[in-house]
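Here the structure is a predicted model, which is why all the values come from computation and not from measurement.
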Amino acid sequence: MPGSALRWAVALVLATAGGTLAYAQSTDSMGTSLQLEEIVVTARKVEENILETPVSITAFNAAAIDKLGMITITDIALRTPGLNYGNFGDAKLSPTSLRGVVSSAGSAGQDPAVGVYVDDVFIGQGAGAPLDLYDIERVEVLRGPQGTLYGRSTIGGVISLTTRRPSETFEGSAEVTYGNYDQVRAAGLLSGPLVEGAVFGKISAVYDDRDGTTDNLWLDRPINDQHHWTTRGQLLFTPSADTELLFTAEYFRIDQHPLGFETLRYDDDRLLPQLLDAFGLPRNERPYDRRIYANQQSTETLEAWSASAVLGTKFGAADFTSITAYRTHDYFSRTDTDRSPVDFIYDGDPEDVQTFSEEARLSWTSGNIDWLVGLYFYDRSAGNNSFIEVGADLAAVFGAPEIAGLRVGSDADTDIRSTAGFASATWRVDDRLDFSLGGRYTHERRSIDYVQTDPLDILGGSFSLKAKESWSQFTPSASARYRFTPAVIGYATISEGFKSGGYNDALGDANGIAYGPEGVWNYELGLKSELLDRRVVTSVAFYYMDWTDIQITADNPATPIYDPSILNAGRAHSAGMEFELNVAATERLTLGFTASLQDAKYDEGNMPDGEPLDRIPFAPRYTGSVNAAYVIPLASGELTLVGEALLRGESWLTPDSQPDGRVGDYQLYNARLSWKAGSKRWGVTLWGKNLTDETVKQRLFDLSFQDLVGQKLIVLNDPRTYGLTVRFDF
């Protein structure tokens, strides 16, 4: 931890602890106690007040999700200090960064740096992890490595979603939204007892359809649309007071036309720009107008199924939990690579994945020590079939019209098997001080059967290989927690995260397939407080992270087509501060503020082309949000006004910090006006997002140095959207 950060942390602890004693309780002028709602989290696999958790954590309950109109992981990221979601516009490639630790996880054979969990089941990232926040009870974002209790692929942190459980009484809800770009969103939920006191059930469903936000002028149709639907069913059995069994099944489907890239600039020395000019075809000269000229639509489909069983029971004084899960998905994509009127090059990245996992853990208290031990097993089999397809015009350039429609690429089968044992103990020294010590031992084995078919020698040639490798790692964690007062705690944490090596199962060459593990050490000081009878809730954390043997995904410059390799190429650090403040100012007015400052840079390492690594991509120098909600009582119910500003500092889209990859500071403004009937049974909300229609680069796909394509392509954020939502609760 840098010395300056340490001094600030100590000063803040002393100032807050000293000031709290004078403001232990507070009431308004009418004598009514004003309190923010207590947030209960399970970051340490036990239910506890978020104040008690010695982890830098942001949590959103169902009320906050509804109040701010959040429906995707993108919405969560915009409101969480230090969290950034790439939002590339498709279901597979968008990277998640937390505290500057990032991994693209662009295919099933690669792992993310930030693990996504649903009801304690590891989802990962990529095609299997697009999630809708309807029917979600709580979202917890845990910053920093979570290797002890969460394990694999959590070196940056964890995004944990908890679904609503079946209710003990009959209840339901339904909502319908209509917005610009002809968005139609419908969602519903039914929950209640099936056998009184013994069996409870729930079913929910969401349908979301929106026209494209970009126009393909060549085909005269919109693209970058969204179209998905999902359903989730649950059965909860409670055979005794100490035992419950929850079954969950879910189906998710996508069928849309994403990835309408804009052209930022052309390299006139490359083939495609010369063909456009020779045949008098239009270039995309205005990269921010949301208009392109692709001769074919991009397509993306996904079908995902999942089932899980969570058993909770007691063995004497010990609590036992078993989580068994199976997930599978089939994904397909095909994209016009060059986004031009020329019938030139197309690419796709389909995959099919099957995953089985089992976690068993036991927790108990012995004297003044709380114990938790567990075992974990994870098995994933995946087939990835990345391809490049030759268009008729490119075939004519080659003088070989017979190769039009030919697909070159890879066929890769990978298998990952991971086993782990973990333990954690918390020693309560007295009412104020406790220490926690934990560790996890992970053994992970990976294998690949890879065949690349490349008769045109545009990917480095045809070859095949089989390989397998295994890695083992012990990842410890330790923390100390001190209660300055019952409402103020401070903590210090040291933890290690580990992500195993593996194999690049996408396009590549034999020299860029295998890569080794990477790791992160995290050093953290934090302070959390509930002041003025929980009218004011604050948290602050200072951290320093040391990231080694980083897995870098970058294009192989020796081939004329984009075919990325993965290599361990460097070392980096990330240091910063995260802050959250929530205030119940009056009975009617609540305020929220979040902020993070971070310095995330590579300390050493080079790209495959020799360029030095510099700024870590997708790591804004600062993030922040400000929101206010004001409630106006009416004779017919109540009116709520919500406004918020979402702030992002300078960031980079590529690890070599080229100027075209820079994203400057920007702000997004959202607003919601909601009326709810006095019975609380129904209401109407008028909402708007990105009200100033801010245009922001989300991705830079640099093909300018590729002999055939010669373009820098970019992805833009969503434009201004607005709509009306009607909701019924019963």
Side-chain angles (χ1 to χ4, degrees), residues 1-20 41 43-44 48-59 80-83 98-101 140-149 154-158 424 426-429 432-438 475-497 520-531 536-547 572-581 593-600 619 621-624:
M1 173 72 68
S4 60
L6 179 59
R7 288 192 295 271
W8 274 105
V10 172
L12 188 55
V13 167
L14 295 176
T16 307
T20 303
V41 298
R44 298 197 298 169
E48 58 186 349
N49 187 328
I50 193 171
L51 170 71
E52 299 293 315
T53 308
V55 177
S56 179
I57 177 173
T58 295
T80 300
L83 179 62
L98 194 49
R99 288 185 170 176
V101 180
E140 302 172 29
V141 180
L142 286 57
R143 289 177 284 267
Q146 305 297 320
T148 295
L149 297 180
T154 60
I155 61 173
V158 165
S424 176
T426 298
W427 173 35
R428 288 171 276 107
V429 179
R432 289 197 167 193
L433 178 65
D434 59 62
F435 297 97
S436 295
L437 185 65
T475 50
S477 64
S479 66
R481 178 176 57 179
Y482 185 77
R483 292 175 174 83
F484 295 93
T485 75
V488 180
I489 73 160
Y491 68 89
T493 295
I494 300 175
S495 59
E496 183 184 17
V520 171
W521 277 98
N522 175 57
Y523 309 89
E524 182 174 331
L525 290 175
L527 178 75
K528 299 185 178 185
S529 63
E530 294 179 344
L531 310 177
V536 179
V537 176
T538 67
S539 66
V540 63
F542 298 87
Y543 66 89
Y544 181 85
M545 301 179 69
D546 186 16
W547 189 12
H573 74 270
S574 177
M577 177 275 290
E578 297 139 357
F579 177 73
E580 296 188 52
L581 170 67
F593 174 75
T594 70
S596 73
L597 300 173
Q598 67 179 0
D599 176 56
R621 294 181 184 271
Y622 68 84
T623 67

Trainee: Please state whether the rings of W521 and Y523 are parallel, tilted or perpendicular, taking 30° and 60° as the class boundaries.
Mentor: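 The rings of W521 and Y523 lie parallel, inter-plane angle below 30°.
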
Trainee: Less than 4.5 Å apart, side chain to side chain, heavy atoms only: is that true for E496 and P145?
Mentor: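 Contact flag for E496/P145 side chains = no.
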
Trainee: Does the side chain of L581 come within less than 4.5 Å of V536's, by heavy atoms?
Mentor: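 Answer yes - side chains close enough.
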
Trainee: Of the non-hydrogen atoms in G157 and L98, which two are nearest, and what is the gap between them?
Mentor: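 Reported closest heavy-atom pair: CA-CD2, 3.8 Å.
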
Trainee: Run the salt bridge (charged side-chain N to carboxylate O under 4.0 Å, His left out) test against E52 and tell me which residues pass, sequence neighbours left out.
Mentor: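 Only R481, R483 meet the salt bridge (charged side-chain N to carboxylate O under 4.0 Å, His left out) criterion with E52.
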
Trainee: Is there side-chain contact between T154 and L142, with heavy atoms separated by less than 4.5 Å?
Mentor: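 No, their side chains stay 4.5 Å or more apart.
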
Trainee: So, taking the atom named CD in E530 and the one named OG1 in T538, what distance separates them when rounded to the nearest 0.5 Å?
Mentor: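 Answer for the CD-OG1 pair, E530 versus T538, is 9.5 Å.
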
Trainee: Residues two or more places apart in sequence or in another chain: which of them pass side chain to side chain donor-acceptor pair (under 3.5 Å) with S424?
Mentor: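 Here no residue qualifies.
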
Trainee: Would you give the length of the straight line joining atom CG of L527 to atom CZ of F542, rounded to the nearest 0.5 angstrom?
Mentor: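 One gets 9.0 Å once the value is rounded to the nearest 0.5 Å.
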
Trainee: Testing the basics here: between Y544 and A575, what is the closest heavy-atom pair and its distance to 0.1 Å?
Mentor: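 Smallest interatomic distance, heavy atoms only, reads CD1-CB, 3.7 Å.
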
Trainee: Carefully, step by step, assess I155 and W547 under the rule side-chain contact (heavy atoms from CB on, under 4.5 Å).
Mentor: CA-CA 9 Å; I155 61 173; W547 189 12; 4.0 Å; yes

Trainee: Can you tell me if E524 uses its side chain to pair, donor with acceptor, with the backbone of G144 under 3.5 Å?
Mentor: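 No.
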
Trainee: Going from OG on S477 to CD on Q146, what distance comes out if it is rounded to the nearest 0.5 angstrom?
Mentor: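 It is 8.5 Å, given to the nearest 0.5 Å.
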
Trainee: Distance check, rounded to the nearest 0.5 Å: N522 atom CG versus T493 atom OG1?
Mentor: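 It is 7.5 Å, given to the nearest 0.5 Å.
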
Trainee: Do you know which two heavy atoms are closest between I489 and L51, and how far apart they sit?
Mentor: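 What the structure gives for the nearest pair is CD1-O, 2.7 Å.
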
Trainee: Looking at every non-hydrogen atom in both residues, tell me the closest pair between S574 and Q598 and how far apart they are.
Mentor: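 Here S574 and Q598 meet closest at OG-OE1, 4.2 Å.
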
Trainee: Could I get the full list of side chain to side chain contact (heavy atoms under 4.5 Å, CB included) partners for S436, not counting sequence neighbours?
Mentor: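 Per chain and number, S436 pairs via side chain to side chain contact (heavy atoms under 4.5 Å, CB included) with R44, T426, S479.
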
Trainee: Quick check: does any side chain N or O of K528 sit under 3.5 Å from a backbone N or O of V55, one acting as donor and the other as acceptor?
Mentor: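 Confirmed, K528 side chain pairs with V55 backbone.
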
Trainee: How far apart are the closest heavy atoms of V41 and A59, and which atoms are they?
Mentor: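 Nearest pair, atom of V41 first, then A59: CG1-CB, 3.9 Å.
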
Trainee: Under a 3.5 Å distance rule, please check whether Y491 uses its side chain to pair with a backbone N or O of S56 as donor and acceptor.
Mentor: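 It does hold such a pair.
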
Trainee: Would you call L531 and V488 a side-chain contact if the rule is heavy atoms closer than 4.5 Å?
Mentor: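 SC-SC contact between L531 and V488 confirmed.
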
Trainee: How would you list, by chain and number, every residue that makes a side chain to side chain donor-acceptor pair (under 3.5 Å) with E580, sequence neighbours excluded?
Mentor: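 Listed in chain order: T58, R143.
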
Trainee: Testing the basics here: between T53 and A43, what is the closest heavy-atom pair and its distance to 0.1 Å?
Mentor: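 Looks like CG2-CB, 3.9 Å.
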
Trainee: Would you please name every residue forming a side chain to side chain contact (heavy atoms under 4.5 Å, CB included) with S596, sequence neighbours left out?
Mentor: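 Per chain and number, S596 pairs via side chain to side chain contact (heavy atoms under 4.5 Å, CB included) with P81, E578, T623.
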
Trainee: Which pairs with one or both residues in residues 484-493 pass salt bridge (charged side-chain N to carboxylate O under 4.0 Å, His left out), sequence neighbours excluded?
Mentor: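 As it turns out, there is no salt bridge (charged side-chain N to carboxylate O under 4.0 Å, His left out) pair with a partner in residues 484-493 once direct neighbours are skipped.
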
